[in-house]
Chemist: 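Please read through the structure below; I'll follow up with questions.
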Amino acid sequence: MDGAMGLRVLLCVCLVSLLTTQTMPALGLATGRPRGSEKRQAVDTNPPPLFFLLQTVDGVFVRSLKVNCKVTSRFAHYVITSQVVNSADEAREVAFDVEIPKTAFISDFAITADGNAFIGDIKDKVSAWKQYRKAAISGENAGLVRASGRNMEQFTIHMTIGAHSKATFQLTYEEVLKRRLTQYDIVIKVKPKQLVQHFEIDVDIFEPQGISKLDAQASFLNKELAAQTIKKSFSGKKGHVFFRPTVSQQQSCPTCSSSLLNGDFKVTYDVNRDKLCDLLVANNYFAHFFAPKNLTNMSKNLVFVIDISGSMEGQKVKQTKEALLKILGDVKPGDNFDLVLFGSQVQSWKGSLVPASEANLRAAQDFVQRFSLAGATNLNGGLLRGIEILNKGSHPDLSSPASILIMLTDGEPTEGETDRSQILKNVRNAIRGRFPLYNLGFGHDLDFNFLEVMSMENNGWAQRIFEDHDATQQLQGFYNQVANPLLTDVELQYPQDSVLALTQHRHKQYYDGSEIVVAGRIADQKLSTFKADVLARGERQEFKATCLVDEEEMKKLLRERGHMLENHVERLWAYLTIQELLAKRMKMEGAERANLSSQVLKMSLDYQFVTPLTSMTIRGLTDQDGLEPTIDKTPEDSQPLEMVGPRRTFVLSATQPSPTVHSPLVSRLPSRVTGVDTDPHFIIYVPQKEDSLCFNINEEPGVILSLVQDPDTGFSVNAQLIGNKASSPGQHQGTYFGRLGISNPATDFQLEVTPQNITLNPSSGGPVFSWKDQAMLQKDGVVVTINKKRSLLVSVEDRATFEIVLHRTWKGSAVHQDFLGFYVLDSSQMSARTQGLLGQFFYPLDFEVSDIRLGSDPTKSDATMVVKNRQLTVTRGLQKDYSKDARHGTEVSCWFVHNNGAGLIDGVHTDYIVPDIF
């Protein structure tokens, strides 16, 4: 192998293989480049020569591993640089393996190897689709980032370098540090997996307010070794932490060749709070940090809503009770509280707020120790009862305590109201912005996105509680963050004509030990009039303050920190803005969601951040299948490495829309789908028109429909209808797909899919898989990827890629059957003679719409459509695409063709009824 294309990248996220494959030393650790217009620093490929020989693994050793972190006014910029040397006489595989915080955005990545430089390029995800589709078909992992543990993401790349050569990796990422429990935390994961000649962590902190405390600890060092190796100092605005252990200090024992560097290196600090206000202005961007001290703790009204359904059995309920007992022991005199339990039924301890007297707290602790689990999950009922108790005990005056609602659940609503959108509406209407709701999700078998949206809509946040030995401490840790409200109804106000693009500046409550951060842009020529007014309600009094910019102090700061200060303040604003837009986007659908997506995409590209809407690709590096490395942001619900197991996976393969027309406009994404779902509703995306057509097929349960039929190869996809069990007599019985059959006769391949099982070659007794499995199956050019409990990806010889979505029902749902949806992700290489209810639309279709007019339904428009030389009356309507969100779906605007697609489909719909599933 020679030249740029000769470098073969092995893209692996399997932690097990990293630990057991001796010839691939991994360069573990965790830890943004300045604004994209800045010159990228060259990667240093010529460090000082070796003075002694380190132990090698098959001739490969890590020469250096350095982490540099620069913090300016809470904005942290990290650069990890590592050099690996291959001293062998032949090519060897090397690895770069680090962990970074989930809250961070990667902004740069570069590799220098064999005299060639490879630099990451950030682009929108749509333009990277072709690469994603290839990855899905091959079953390989072109994505370098995966969830790892509770708060981290793992970035891993393996590559082959030539004999007697070296490779240098450099990763940059950025984040805004958040103050929790009176301090900021910088966490760097350290795991080099071998002794390193030059190992170094260098943290430089600049805080205009002045640093009040600074500490650094390493979980893998004893006190004596930490004192010898960690150097820390701070004075005035500057703080510094430096860690450079010698090789002998890295050894796990005096005669060992293994490294003891394995764990967290943590820097903590805080700033002075002498001034009430901290306004930082640089280059027309400002950051306002608000965390006043010497305020009186407010008394609070506190209601805990606890899930006691059967799934909480065992350690969960034990740890929940332990945490509640300790939290009740910390409730302060002057507070009021109550407890609500929900299983199939809802019960409260008192049914109203009671004072936190010693007698009441003892009685509540006794109640906690005695309650037992019961039945299903009436989440809606439990929440509404808790809200009712708080509403009755709250009064809109200065003497009213701060009200807080905390819910803990480990599952999904299965009793009472189970429709999530209705639950969200019920909770919003009941709280009406009066107090925050905090949702704690216990474990992984729940819809955390649902809990997160609910909390955000009600001025709180959601937190996942991991099923582990320290779950009790996790629950207590959360409570400690909200235990001491200092202010409520906090609003930071700025002159309307002076400020542009403001981040969130209204907060329901401010808690002791936290901090409110607002950033924005100042309009041209408006700096002289810029100020901030803070209004809030404290303990039995109003809080008011005015903050002014100290221009002389700003000039002094710029002289001290220069361009870095300007750059970091602007990127702090961009980071916060993107995070807030992404949070808002979670709550929206349709045009509003698309508009927010467009804003996020533009800012992500402008500031070169890898966010959920962008990807970084690395040109010039390919693996044996021609795949380029891809860096993506992991979704919240992605499985950690230890849960995924050894199978290589690809995060976005089942969630990205097929870009039949390449366009950076995310606002168009919702309509780019071809598939069939629910009762059954067909959606056909027509790229030539950048629009969609829809139709329904009304047939009886048991009927089998042909979806795709390729006469050239015999490949087919058929689907069988099932009925809705709960239909009332005389009522239209909805039908859904309960069974899918995919067949490729040329290779004797068959796949049968039901909501219960996935069976390979059922006619010959092939293996049966459950939707609980996470697996990849490959046979005769067909790759089947099971995404646990969610979807199934089928890729056929680089000709087509299909997705099957699993819909689970629940008690109280309108649909009382589990069923399947079917989507076409790519069909570009299918035969031009392909037929079927979906297959006939794999190739260009033209239509014209005219005479748009008010229809019989005043909320919808009718129009005249000419398609396939036929004139039809069509109606503008909405259908749902569940390919990206199987729970809630995304609305798709389309022209609806009536009467079973008559005039649009070839022939009549009964022509597509077939006798067998294969």
Chemist: I'd like to know if K326 pairs up with D330 as an ion pair, taking the criterion as any Lys NZ or Arg NE/NH1/NH2 lying under 4.0 Å from an Asp or Glu carboxylate oxygen.
Modeler: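 No, this pair does not count.
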
Chemist: I need the L451 CG to Q463 CD distance, nearest 0.5 Å.
Modeler: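 So the gap between those two atoms works out to 12.0 Å.
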
Chemist: Is there side-chain contact between P401 and N301, with at least one heavy-atom pair below 4.5 Å?
Modeler: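 Of all side-chain heavy-atom pairs linking N301 with P401, at least one is under 4.5 Å.
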
Chemist: Counting N and O atoms only, with roles assigned by atom type, does the side chain of N484 sit under 3.5 Å from a partner on the main chain of D512, one being a donor and the other an acceptor?
Modeler: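 Not a single qualifying donor-acceptor pair exists.
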
Chemist: Check step by step if side chain to side chain donor-acceptor pair (under 3.5 Å) holds for E175 and T103.
Modeler: CA-CA 7 Å; E175 66 173 336; T103 52; 3.0 Å; yes

Chemist: What distance do I327 atom CD1 and Q365 atom CD have between them, rounded to the nearest 0.5 Å?
Modeler: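 The distance works out to 11.0 Å.
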
Chemist: Would you kindly say whether Q183 and D185 are connected by a side-chain donor-acceptor distance under 3.5 Å?
Modeler: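 Looking only at side-chain atoms, D185 and Q183 do form a donor-acceptor pair, the distance falling under 3.5 Å.
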
Chemist: Taking the side chain as every heavy atom from C-beta outward, state whether L721 and P680 have any atom pair closer than 4.5 Å.
Modeler: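 L721 reaches P680 side chain to side chain.
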
Chemist: If every non-hydrogen atom of F342 is compared with every non-hydrogen atom of V346, which pair is closest and at what distance?
Modeler: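 Nearest pair, atom of F342 first, then V346: CB-CG2, 4.1 Å.
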
Chemist: For Q476, is the CD atom crowded, meaning more than 12 foreign heavy atoms sit under 6.0 Å from it?
Modeler: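 Counting other residues, nucleotides and ligands, CD of Q476 exceeds 12 neighbours.
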
Chemist: Can you tell me if R434 uses its side chain to pair, donor with acceptor, with the backbone of A430 under 3.5 Å?
Modeler: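 The answer is yes, because a donor-acceptor pair under 3.5 Å joins these two groups.
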
Chemist: Would you find more than 12 non-hydrogen atoms of other residues, nucleotides or ligands less than 6.0 Å from E592 atom CD?
Modeler: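 Open: at most 12 neighbouring heavy atoms sit under 6.0 Å from CD of E592.
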
Chemist: If we check salt bridge (Lys or Arg N to Asp or Glu O under 4.0 Å) with K316, which of these qualifies: D410, D307, D468?
Modeler: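 So the option named by the test is D410.
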
Chemist: Step through the shown structure and confirm whether more than 12 heavy atoms of other residues, nucleotides or ligands are within 6.0 Å of NZ on K584.
Modeler: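 No - once you tally the heavy atoms of other residues, nucleotides and ligands closer than 6.0 Å, there are 12 at most.
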
Chemist: Do the side chain of Q509 and the main chain of S403 share a donor and acceptor less than 3.5 angstrom apart?
Modeler: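 The answer is yes, because a donor-acceptor pair under 3.5 Å joins these two groups.
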
Chemist: Step by step, work out the salt bridge (Lys or Arg N to Asp or Glu O under 4.0 Å) result for D818 and R808.
Modeler: CA-CA 5 Å; D818 295 345; R808 291 287 194 205; 2.9 Å; yes

Chemist: Between the main-chain N or O of R506 and the side-chain N or O of Q504, is there a donor-acceptor pair closer than 3.5 Å?
Modeler: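 Flag set: sc Q504 to bb R506 pair under 3.5 Å.
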
Chemist: Before you tell me yes or no, could you show the steps for S514 and R179 under side chain to side chain donor-acceptor pair (under 3.5 Å), namely the whole-Å CA-CA distance, both residues' side-chain angles and the distance that decides it to 0.1 Å?
Modeler: CA-CA 5 Å; S514 68; R179 188 173 186 246; over 6 Å; no

Chemist: Indicate the ring-plane relationship of F543 and F290, choosing parallel, tilted or perpendicular according to the 30° and 60° boundaries.
Modeler: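 It falls in the perpendicular class, over 60°.
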
Chemist: Sequence neighbours left out, cut at 3.5 Å: what donor-acceptor pairs do the side chains of residues 371-382 make with other protein atoms?
Modeler:
| residue | atom | partner | partner atom | Å |
| --- | --- | --- | --- | --- |
| T377 | OG1 | S309 | OG | 3.4 |
| N378 | OD1 | G381 | N | 2.9 |
| N380 | OD1 | N426 | ND2 | 3.2 |

Chemist: Rounded to the nearest 0.5 Å, what separation is found between the CG atom of L339 and the CH2 atom of W349?
Modeler: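 It comes to 6.5 Å.
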
Chemist: Give the minimum heavy-atom separation between D338 and K350, together with the two atoms involved.
Modeler: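 Heavy atoms only, the tightest pair is OD1-N, 3.1 Å.
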
Chemist: Going through the checks in order, is the side chain to side chain donor-acceptor pair (under 3.5 Å) test met by S455 and N439?
Modeler: CA-CA 6 Å; S455 289; N439 284 329; 3.1 Å; yes

Chemist: Could you give the distance from CG (L440) to CD1 (I306), rounded to the nearest 0.5 Å?
Modeler: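 Rounded to the nearest 0.5 Å, the CG-CD1 separation comes out at 8.0 Å.
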
Chemist: Under the criterion side chain to side chain contact (heavy atoms under 4.5 Å, CB included), I'd like the reasoning laid out for I423 against M454: C-alpha separation, chi angles, the key distance, then a yes or no.
Modeler: CA-CA 9 Å; I423 293 173; M454 187 193 303; 4.1 Å; yes

Chemist: Can you tell me if CD on E491 sees more than 12 non-hydrogen neighbours from other groups inside 6.0 Å?
Modeler: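 Enclosed: over 12 neighbouring heavy atoms sit under 6.0 Å from CD of E491.
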
Chemist: Distance alone, cut at 3.5 Å: any donor-acceptor contact between the side chains of T754 and N757?
Modeler: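 Judged by distance alone, the side chains do not pair up.
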
Chemist: Taking atom types as modelled, find out whether E515 and Y510 have a side-chain donor-acceptor pair closer than 3.5 angstrom.
Modeler: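 Looking only at side-chain atoms, Y510 and E515 do not form any donor-acceptor pair under 3.5 Å.
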
Chemist: Report the C-alpha separation of T890 and Y882 in whole Å, then their side-chain angles, then the decisive distance to 0.1 Å, and conclude whether the side chain to side chain contact (heavy atoms under 4.5 Å, CB included) test is met.
Modeler: CA-CA 6 Å; T890 301; Y882 293 93; over 6 Å; no

Chemist: Do the side chain of R593 and the main chain of G590 share a donor and acceptor less than 3.5 angstrom apart?
Modeler: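 It does not hold such a pair.
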
Chemist: If you define the side chain from C-beta out and look only at heavy atoms, does anything of V490 sit under 4.5 Å from L487?
Modeler: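 The answer is yes, as the side chains (C-beta and beyond) meet within the 4.5 Å cut-off.
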
Chemist: Apply the ring pair (Phe, Tyr, Trp, His ring centres under 6.0 Å) test between Y438 and each candidate in Y479, F304, F478; give the one that qualifies.
Modeler: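 Only match with Y438 under ring pair (Phe, Tyr, Trp, His ring centres under 6.0 Å): F478.
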
Chemist: For A402, is there any backbone N or O sitting under 3.5 Å from a side-chain donor or acceptor partner on K300?
Modeler: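 Flag not set: sc K300 to bb A402 has no pair under 3.5 Å.
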
Chemist: Between F822 and F737, does a ring pair (Phe, Tyr, Trp, His ring centres under 6.0 Å) hold up when you go through it step by step?
Modeler: CA-CA 9 Å; F822 181 81; F737 287 147; 8.3 Å; no

Chemist: Minimum heavy-atom separation for V303 to G386, with atom names?
Modeler: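 Nearest pair, atom of V303 first, then G386: CG1-CA, 3.9 Å.
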
Chemist: Do side-chain atoms of K392 reach the backbone of G351 as a donor and acceptor pair under 3.5 angstrom?
Modeler: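 The answer is no, because no donor-acceptor pair under 3.5 Å joins these two groups.
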
Chemist: Please check: side-chain N/O of K102 versus main-chain N/O of R150, any donor-acceptor pairing under 3.5 Å?
Modeler: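 Looks like yes, one N/O pair under 3.5 Å.
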
Chemist: Sub-3.5 Å donor-acceptor pair from the side chain of H807 to the main-chain atoms of F819, do we have one?
Modeler: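 Between the backbone of F819 and the side chain of H807 there is no qualifying donor-acceptor contact (under 3.5 Å).
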
Chemist: Under a 4.5 Å cut-off applied to non-hydrogen side-chain atoms, are R385 and V305 in contact?
Modeler: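 Side-chain contact under 4.5 Å: no.
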
Chemist: Rounded to the nearest 0.5 Å, how far does CD of Q474 lie from CD of E467?
Modeler: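 These two atoms lie 10.0 Å from each other.
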
Chemist: Answer whether the closest heavy-atom distance between the side chains of S299 and E539 falls below 4.5 Å.
Modeler: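 In short, these two side chains touch, coming nearer than 4.5 Å.
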
Chemist: Evaluate Q347 against I308 for side chain to side chain contact (heavy atoms under 4.5 Å, CB included), listing each step before the verdict.
Modeler: CA-CA 10 Å; Q347 58 177 309; I308 60 165; 3.8 Å; yes

Chemist: Is any side-chain heavy atom of H681 closer than 4.5 Å to one of V676?
Modeler: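 No, their side chains stay 4.5 Å or more apart.
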
Chemist: Cut-off 3.5 Å, side chains only: do R585 and S597 have a donor facing an acceptor?
Modeler: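 Their side chains do contain a donor-acceptor pair, which is all the 3.5 Å distance test asks for.
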
Chemist: For the pair N458 and R428, evaluate side chain to side chain donor-acceptor pair (under 3.5 Å) and give the outcome as yes or no after the intermediate values.
Modeler: CA-CA 7 Å; N458 294 284; R428 278 196 313 270; over 6 Å; no

Chemist: Can you see which heavy atom on S348 is nearest to which on I389, and at what distance?
Modeler: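 It is CB-CD1, 4.2 Å.
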
Chemist: Within 45° of the ring axis of W461 and under 6.0 Å from its six-membered ring centre, is that where the NZ or CZ of K178 lies?
Modeler: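 Yes, K178 lies over the aromatic ring of W461.
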
Chemist: Are any non-hydrogen side-chain atoms of L390 and L353 less than 4.5 angstrom apart?
Modeler: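 Touching, per the 4.5 Å side-chain cut-off.
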
Chemist: Take Q422 and E417 through the test side chain to side chain contact (heavy atoms under 4.5 Å, CB included) and record every step on the way to the result.
Modeler: CA-CA 8 Å; Q422 187 60 47; E417 180 60 71; 3.5 Å; yes

Chemist: Rounded to the nearest 0.5 Å, what separates atom OG1 in T488 from atom OH in Y511?
Modeler: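 It is 9.5 Å, given to the nearest 0.5 Å.
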
Chemist: So does K880 pair up with D677, basic N to acidic O under 4.0 Å?
Modeler: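 The answer is no: the pair does not qualify as a salt bridge.
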
Chemist: Got T409 and F442 here, is their nearest side-chain heavy-atom distance under 4.5 Å?
Modeler: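 T409 vs F442: side chains apart.
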
Chemist: Would you check if the side chain of R464 reaches a backbone N or O of G443 as a donor-acceptor pair within less than 3.5 Å?
Modeler: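 Flag set: sc R464 to bb G443 pair under 3.5 Å.
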
